[in-house]
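FYI, the numbering just counts along the sequence from 1. All values below come from the heavy atoms of this structure, side chains included, with hydrogens, waters and symmetry mates left out. For ligands, and for the atoms within them, numbers begin at 1 and follow the listed sequence.
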Amino acid sequence: MSKYSLIATAAMGLESLVAKEVKQLGYECQVDNGKIEYKGDANAIARSNLWLRTADRVKIKVGEFKALSFDELFEKTKALNWENFLPENAEFPVQGKSVKSKLFSVSDCQAIVKKAIVERLRSHYKKVSWFEENGPLFKIEVALHKDVATLTIDTSGVGLHKRGYRVNQGEAPLKETLAAALIQLTNWHPDRPFCDPFCGSGTLPIEAALIGQNIAPGFNRDFASEAWPWIGEQIWEEARNEAEDLAKYDQPLNIIGTDIDHRMVSIAKENAIEAGFGDLIEFKQMQVTDFTSKDQYGVLVGNPPYGERLGERNEVEKMYREMGQTFSMLDTWSIYILTSNEQFEELYGKKATKKRKLFNGFIRTDLYQYWGPRPPRS
Ligand SMILES: C[S@@+](CC[C@H](N)C(=O)[O-])C[C@H]1O[C@@H](n2cnc3c(N)ncnc32)[C@H](O)[C@@H]1O
């Protein structure tokens, strides 16, 4: 089967996690800013889309070359084997971006790439008229960085964070890919209790349940490349069968999500039902300072309000102080809090074991990590 150059794109700061996932799928990879590159066949395209929890998208790299003039961009684009990917009826819009490059007009780059691909396909398909573009979608991107053009085709369609379970959401939901990354940065194991005391729409508890039962995050959604003729239904069926075989639906879990806002608790419940965890995750309305647990060696991951809005800061900082006291009772637990508040450790009253810089959308945050003792070996 043909091997393709694949790129899993990653949000800033999550590259090493995406690389770890790609390796777990069995592919050697190289890590760069915002992307993980590896080689794989059609099967790898299906498996990557189904399994990667922390990547944004999976793309095929069709070519990469230096382009200092529009002529160069045109000729080198036309020289690529587009017919290997695009059938005669393909719909192929071209998007673009340009950073620190001589060819800075994105709209011109897009138009030139489109024209070059049309010419290439015309001579291959012996076509004199326009292509109707009424077939499967192949979203093409021309990305120029320091005069090097990278031409890719998106295999995912809507971003991989769209798992399909979020039927409703609150004000500041975590992206599912970031939620999965936060969990992977903890020492949580499905035998240990898991709690999110700021659960909002339930993203962290639901992602934890998916990880805990080894359920492929993309199992319940479609991908653009499912409609591509050269991948074929059988490849997707095999990848889905593999995911079904690897799921551990009988793995018991102790996952709870709480939130002060009863409307958020209802939304979280709705989303959990959609994800198939209606009976598995417990959601309760509760103020964080009321949180206690008889369980030992649990893992608590929380994305509290950051207090960035005017008038909110004092209230949020008071809550951070109270959290320090409440969580000090959980002496065998590991606590992980994501916030943009740089005074968090002082307010919470304890220096973190470790901090990790992460971006929640465009907000620079830190994951404050308080590692608890290891559970005794059972
Ligand atoms: C940033 S949102 C969490 C979003 C969530 N991670 C998601 O993906 O939807 C913060 C949540 O904290 C809740 N909250 C605010 N103050 C709280 C408190 N004192 N105790 C418990 N929850 C609180 C809010 O109702 C809100 O849902």
Between ligand 1 and the protein, give all atom pairs where both partners are nitrogen or oxygen and the distance is under 3.5 Å, as lines of names plus distance to 0.1 Å.
unit_1	atom_1	unit_2	atom_2	d
ligand 1	6 (N)	N303	ND2	3.4
ligand 1	8 (O)	L174	N	2.9
ligand 1	8 (O)	T203	OG1	2.6
ligand 1	9 (O)	S201	N	2.8
ligand 1	9 (O)	S201	OG	2.5
ligand 1	19 (N)	Q287	OE1	2.7
ligand 1	20 (N)	Q287	OE1	3.4
ligand 1	20 (N)	V288	N	2.9
ligand 1	22 (N)	I260	N	3.2
ligand 1	25 (O)	D259	OD1	2.6
ligand 1	27 (O)	D259	OD2	2.7

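- For the pair S334 (side chain) and V299 (backbone), a donor-acceptor distance under 3.5 Å is absent.
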Test Y4 against W230 for ring pair (Phe, Tyr, Trp, His ring centres under 6.0 Å), laying out the working first. CA-CA 13 Å; Y4 306 102; W230 53 269; 5.1 Å; yes

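- Residues forming a salt bridge (charged side-chain N to carboxylate O under 4.0 Å, His left out) with K351 (at least two apart in sequence, or on another chain): E345.
- Y370 pairs with exactly one of Y348, Y336, F327 by the ring-ring contact (aromatic ring centres under 6.0 Å, His included) rule, that one being Y348.
- Exactly one residue among V62, I117, L80 makes a side-chain contact (heavy atoms from CB on, under 4.5 Å) with F85. That residue is V62.
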For T339 and T365: C-alpha separation, side-chain torsions, deciding distance, then whether side-chain contact (heavy atoms from CB on, under 4.5 Å) applies. CA-CA 5 Å; T339 176; T365 60; over 6 Å; no

